[in-house]
Amino acid sequence: MALFDLPLDELRDYRSASAEPEDFDDFWAKTLQEAGEHDLAARFEPFETPLKTVKVYDVTFAGFGGHPVKGWLTVPAWANGPLPTVVEFIGYGGGRGLAHTHLLWASAAFAHFVMDTRGQGSAWGGGETPDPVGSAPAFPGFMTRGVEDPEGYYYRRLFTDAVRAVEAARSHPLVDAARMAALGGSQGGGITLAVGGLVPDLAAVVPDVPFLCDFPRATVITDRNPYREIGNYLKTHRGRTDQVLRTLSYFDGVHFAARGRAPALFSVALEDQTCPPSTVFAAYNAWAHDDKKIEVYDFNDHEGGGPYQEAAQLRWLPDHL
């Protein structure tokens with residue numbers, strides 16, 4: 001697929017037309033307050049693997065509604081004091097997978113906390129966290145589950161889990177709470193933006209080709225899933241466009257970016273039809289902290305920079321943690 005979105009010079013100035021709800025901050029303050037009424041109950045159980053250079057912990061903590069959420073914590077085998085920490089969120093359809101697949105950050109002397117994604121993990125990776133909350137009729141996938149009302153929308157639960165994951169990670173003695181970054185690609189990048197807007201004291205935020213940004217544009221510029229799930233839902237439920245876009249506005253990465261208070265390293269791929277470049281730049285241009293950078297991959301689709309972006313992250317993060 002050749003370039004299909006705006007030229008790069010226009011992308012660098014692009015601003016989203018997504019309308020922020022007047023009660024955006026109140027909505028999220030109430031949501032997180034309700035979550036905080038449940039004991040975090042974070043458990044880190046040593047997990048046996050044949051690996052010699054890392055130690056792994058099987059994590060369980062209470063997310064949205066007190067529902068149990070799984071994760072992995074991986075640390076260098078030699079660690080005996082607080083470490084800079086990466087909290088990672090997973091792409092669409094994936095789960096935390098097997099413990100031995102998460103070695104990069106521990107190999108670079110970080111603690112690495114990977115959050116499982118409720119209700120996902122059956123497309124790749126393998127997940128172990130159910131979503132016990134149902135919804136009204138939805139198009140297959142996750143984008144329209146509860147999309148009639150922000151209170152019941154799937155991503156309200158998932159974003160709340162993510163904030164609680166940061167709290168859970170900070171409760172472990174090998175984690176330095178003051179040197180913590182949120183990181184993720186695609187859906188994980190969108191979750192990272194939400195965490196960056198909701199957790200005020202992160203040291204760094206690293207959204208890679210982020211999803212869940214600039215919904216009014218994303219839903220009409222690409223016909224690739226997952227955004228197309230919204231169009232397919234509205235194709236059947238005619239006349240609900242305004243209602244659905246109102247719900248999505250509470251979860252738009254652009255609005256979380258406007259509240260970003262940490263240095264940020266983004267990435268974007270200019271042939272990306274899954275997360276169109278204009279939607280990524282919408283969040284990047286809205287990011288409120290002055291210390292921000294975006295890596296641009298001119299001829300890549302949703303794979304973005306792949307290992308090249310990991311190399312960029314490995315160079316950038318130590319200077320911020």
Side-chain angles (χ1 to χ4, degrees), residues 20-44 57-73 85-90 95-96 113-121 127-135 142-143 145-172 175 177 180-184 187-202 205 207 212 246-253 255-262:
E20 181 182 301
E22 291 183 2
D23 64 340
F24 183 91
D25 290 318
D26 290 342
F27 174 85
W28 282 107
K30 176 176 176 287
T31 295
L32 297 182
Q33 180 181 0
E34 291 174 356
E37 294 171 1
H38 300 275
D39 187 351
L40 186 62
R43 302 195 310 274
F44 298 84
Y57 298 88
D58 184 0
V59 183
T60 308
F61 66 93
F64 178 93
H67 306 150
V69 178
K70 298 296 292 182
W72 294 119
L73 176 66
T85 301
V86 170
V87 179
E88 182 173 0
F89 307 106
I90 299 169
R96 69 171 183 166
F113 187 106
V114 179
M115 186 189 83
D116 204 15
T117 306
R118 65 166 59 219
Q120 299 190 34
E128 298 184 58
T129 301
D131 182 11
V133 181
S135 78
F142 303 92
M143 294 301 295
R145 293 188 182 183
V147 77
E148 302 85 359
D149 178 12
E151 292 280 338
Y153 190 43
Y154 169 80
Y155 281 96
R156 179 175 181 240
R157 302 190 290 281
L158 184 51
F159 288 177
T160 302
D161 291 347
V163 172
R164 299 277 279 178
V166 171
E167 297 173 14
R170 283 177 161 166
S171 71
H172 195 279
V175 168
M180 178 171 285
L183 176 148
Q187 175 185 255
I191 300 170
T192 295
L193 289 171
V195 169
L198 293 172
V199 178
D201 58 349
L202 292 171
V205 175
L212 306 168
R246 177 183 177 275
T247 292
L248 294 174
S249 68
Y250 288 88
F251 305 91
D252 197 320
H255 306 319
F256 292 113
R259 291 156 174 81
R261 296 172 229 182

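Source: prediction; values computed, not measured.
Contact record, Ala182 with Val195: CB-CG1, 4.1 Å, taken as the closest heavy-atom pair. The two residues Pro207 and Leu193 come nearest to each other via the heavy atoms CG-CD2, 3.7 Å. When every heavy atom of Phe44 is checked against every heavy atom of Ser171, the shortest pair comes out as CE1-OG, 3.6 Å. Annotation for Pro132 and Arg118: closest pair CD-NH1, 3.8 Å, computed over non-hydrogen atoms.
Atom CZ of residue Arg157 and atom OG1 of residue Thr117 lie 13.0 Å apart, to the nearest 0.5 angstrom. In this structure, NE2 in His255 is found 11.0 Å from CG in Asp25, a value given to the nearest 0.5 Å. Atom-to-atom distance recorded for Leu198:CG and Ile191:CD1 is 12.0 Å, nearest 0.5 angstrom. Put simply, NZ on Lys30 and CD on Gln33 are 9.0 Å apart, with the number rounded to the nearest 0.5 Å. Annotation: the span from Met143 atom CE to Tyr153 atom OH amounts to 4.0 Å, rounded to 0.5 Å. The structure places CD of Glu151 at 8.5 Å from OH of Tyr250, a figure rounded to the nearest 0.5 Å.
Side-chain atoms of Glu148 and Ser135, non-hydrogen and from C-beta on, never get closer than 4.5 Å to each other. A 4.5 Å side-chain heavy-atom check between Phe27 and Pro150 finds at least one atom pair inside the cut-off. At a threshold of 4.5 Å between non-hydrogen side-chain atoms, the residues Asp201 and Arg170 count as touching. Looking at Thr160 and Leu32, their side chains come closer than 4.5 Å, going by heavy atoms from C-beta outward.
You'll find the ring centres of Phe24 and Phe256 inside the 6.0 Å limit. Taking the six-membered ring wherever Trp is involved, the centroid distance between the rings of Tyr155 and Phe251 does not fall below 6.0 Å.
Look at Arg164 and Glu167 and you find a salt bridge, because one of the NZ, NE, NH1 or NH2 atoms lies within 4.0 Å of a carboxylate O, short of that distance. Residues Asp58 and Arg96 are paired through a salt bridge, judged by an N-O separation under 4.0 Å between the basic side chain and the carboxylate. Salt bridge absent: Arg145 and Asp131 never bring a charged side-chain N and a carboxylate O closer than 4.0 Å.
Remark: side-chain polar atoms of Gln187 are paired, donor with acceptor, to backbone N or O of Ile90 under 3.5 angstrom. Checking side-chain atoms of Thr85 against main-chain N and O of Met180 turns up no donor-acceptor pair under 3.5 Å. Under a 3.5 Å cut-off, the side chain of Arg43 and the backbone N or O of Thr60 do not form any donor-acceptor pair. Here the side chain of Arg156 pairs no donor or acceptor atom with the backbone of Trp28 at under 3.5 angstrom. For the pair Asp116 (side chain) and Gly95 (backbone), a donor-acceptor distance under 3.5 Å is absent. Here the side chain of Thr192 pairs a donor or acceptor atom with the backbone of Gly184 at under 3.5 angstrom. In this structure, the side chain of His67 engages the main chain of Phe64 through a donor-acceptor pair within 3.5 Å.
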inquiry  = Let's go through Phe113 and His172 carefully: what are the C-alpha distance in whole Å and the side-chain angles of both, what is the deciding distance for ring-ring contact (aromatic ring centres under 6.0 Å, His included) to 0.1 Å, and is it a yes or a no?
reply    = CA-CA 10 Å; Phe113 187 106; His172 195 279; 9.4 Å; no
request  = Start with the C-alpha distance between Val163 and Val199, add both sets of side-chain angles, then the distance that settles side-chain contact (heavy atoms from CB on, under 4.5 Å), and finish with yes or no.
outcome  = CA-CA 7 Å; Val163 172; Val199 178; 4.1 Å; yes
query = Checking side-chain contact (heavy atoms from CB on, under 4.5 Å) for the pair Thr31/Phe159: CA distance, chi angles, key distance, verdict?
reply = CA-CA 10 Å; Thr31 295; Phe159 288 177; over 6 Å; no
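Looking at Thr129, Val59, Leu158 one by one, the single match for side chain to side chain contact (heavy atoms under 4.5 Å, CB included) with Met115 turns out to be Leu158.
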